[in-house]
Amino acid sequence: QVQVVESGGGLVQAGGSLKLSCSASGRTFGEYAMGWLRQAPGKEREFVAAISGSGIYTYIKDSVKGRFTISRDNAENTLYLQMSNLKPEDTAIYYCLCGRIAALRIDPDAYDSWGQGTPVTVSS
């Protein structure tokens with residue numbers, strides 16, 4: 001069974017930065033794509049970023065492109081989401097997702113293991 005655990009969320013002022021981390025155990029980490037999804041209160045979930053198992057291919061949602069970067073360290077079994085120039089509309093619970101295959105997918109249904117989420121609050 002895959003265990004996915006996020007960390008790094010918190011309260012930050014607009015314009016600030018945060019780096020989320022996600023550890024995944026129970027699978028050979030580098031063999032699976034990983035992703036980040038967020039959900040704000042009262043809003044639909046948004047698939048924010050994804051990265052292939054090798055780390056070569058990445059996807060960043062247009063609304064956060066240029067501000068968010070996804071990366072992974074397969075030796076450390078860790079996924080990252082570097083967020084900079086944060087805006088109040090980035091406030092949400094951020095979930096780490098572990099995929100079923102190495103190829104990058106931007107459909108949340110392609111990811112079968114989710115973490116509990118880490119909250120990010122951006123104050124104006």
Side-chain angles (χ1 to χ4, degrees):
Q1 185 174 352
V2 180
Q3 289 190 321
V4 179
V5 180
E6 307 93 337
S7 62
L11 174 64
V12 63
Q13 288 188 329
S17 298
L18 279 176
K19 187 173 186 177
L20 305 184
S21 299
C22 170
S23 64
S25 59
R27 286 178 177 166
T28 302
F29 187 75
E31 293 184 356
Y32 298 94
M34 301 288 291
W36 291 97
L37 177 148
R38 69 184 183 185
Q39 186 158 28
K43 295 188 178 180
E44 301 226 343
R45 64 186 188 183
E46 292 183 289
F47 195 84
V48 175
I51 188 167
S52 63
S54 65
I56 293 175
Y57 302 102
T58 62
Y59 162 81
I60 299 290
K61 184 179 175 64
D62 283 346
S63 62
V64 301
K65 197 170 289 184
R67 300 190 297 117
F68 288 16
T69 302
I70 187 170
S71 62
R72 65 191 297 161
D73 184 338
N74 286 348
E76 296 294 329
N77 289 0
T78 304
L79 173 74
Y80 301 101
L81 184 68
Q82 176 69 54
M83 307 184 293
S84 59
N85 191 22
L86 283 161
K87 303 176 180 180
E89 52 263 40
D90 296 318
T91 295
I93 304 294
Y94 284 71
Y95 298 91
C96 176
L97 283 59
C98 182
R100 298 187 181 94
I101 59 175
L104 186 153
R105 293 288 185 270
I106 58 174
D107 176 2
D109 291 338
Y111 297 78
D112 62 351
S113 297
W114 293 38
Q116 292 298 307
T118 186
V120 172
T121 302
V122 184
S123 63
S124 57

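Only heavy atoms go into these numbers, but all of them, side chains included; no hydrogens, no water, no symmetry mates.
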Test: ring pair (Phe, Tyr, Trp, His ring centres under 6.0 Å). Region: residues 7-55. Which pairs qualify, not counting sequence neighbours?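 Residue pairs passing ring pair (Phe, Tyr, Trp, His ring centres under 6.0 Å), neighbours aside: Phe47-Tyr111.
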Give a yes or no on whether the backbone of [Y] and the side-chain of [X] come within a donor-acceptor separation of less than 3.5 Å.
X     : Y      : result
Arg67 : Asn85  : yes
Glu6  : Cys96  : yes
Ser52 : Ala102 : no
Arg27 : Gly99  : yes

Should [X] and [Y] be counted in the same cluster of Ile, Leu, Val, Met, Phe, Trp and Tyr side chains packed under 4.5 Å apart?
X      : Y     : value
Val12  : Leu81 : yes
Leu104 : Ile56 : yes
Leu79  : Tyr94 : yes
Tyr57  : Leu37 : yes
Met34  : Ile60 : yes

Between [Y] and [X], is there a side-chain heavy-atom distance shorter than 4.5 Å?
X     : Y      : value
Leu97 : Val4   : no
Tyr95 : Leu20  : no
Ser23 : Asn77  : no
Met83 : Val120 : yes

Is it the case that atom CD in Gln3 sees more than 12 heavy atoms from other parts of the structure closer than 6.0 Å?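 Not more than 12 within 6.0 Å, no.
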I need the [X] [atom1] to [Y] [atom2] distance, nearest 0.5 Å.
X     : Y      : atom1 : atom2 : value
Cys98 : Trp114 : SG    : CH2   : 12.5 Å
Lys61 : Arg38  : NZ    : CZ    : 7.5 Å
Asp73 : Glu76  : CG    : CD    : 5.0 Å

Start with the C-alpha distance between Asp109 and Arg45, add both sets of side-chain angles, then the distance that settles salt bridge (Lys or Arg N to Asp or Glu O under 4.0 Å), and finish with yes or no. CA-CA 12 Å; Asp109 291 338; Arg45 64 186 188 183; 3.7 Å; yes
Taking all non-hydrogen atoms of both residues, which atom of [X] and which atom of [Y] are closest, and how far apart?
X      : Y      : value
Ala103 : Ala33  : O-CB, 3.4 Å
Ala40  : Ala92  : N-CB, 3.8 Å
Val2   : Ser113 : CB-OG, 3.5 Å
Leu18  : Gly8   : CD2-O, 3.8 Å

Lys65 and Asp62 ion-paired at < 4.0 Å: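 Salt bridge present between Lys65 and Asp62.
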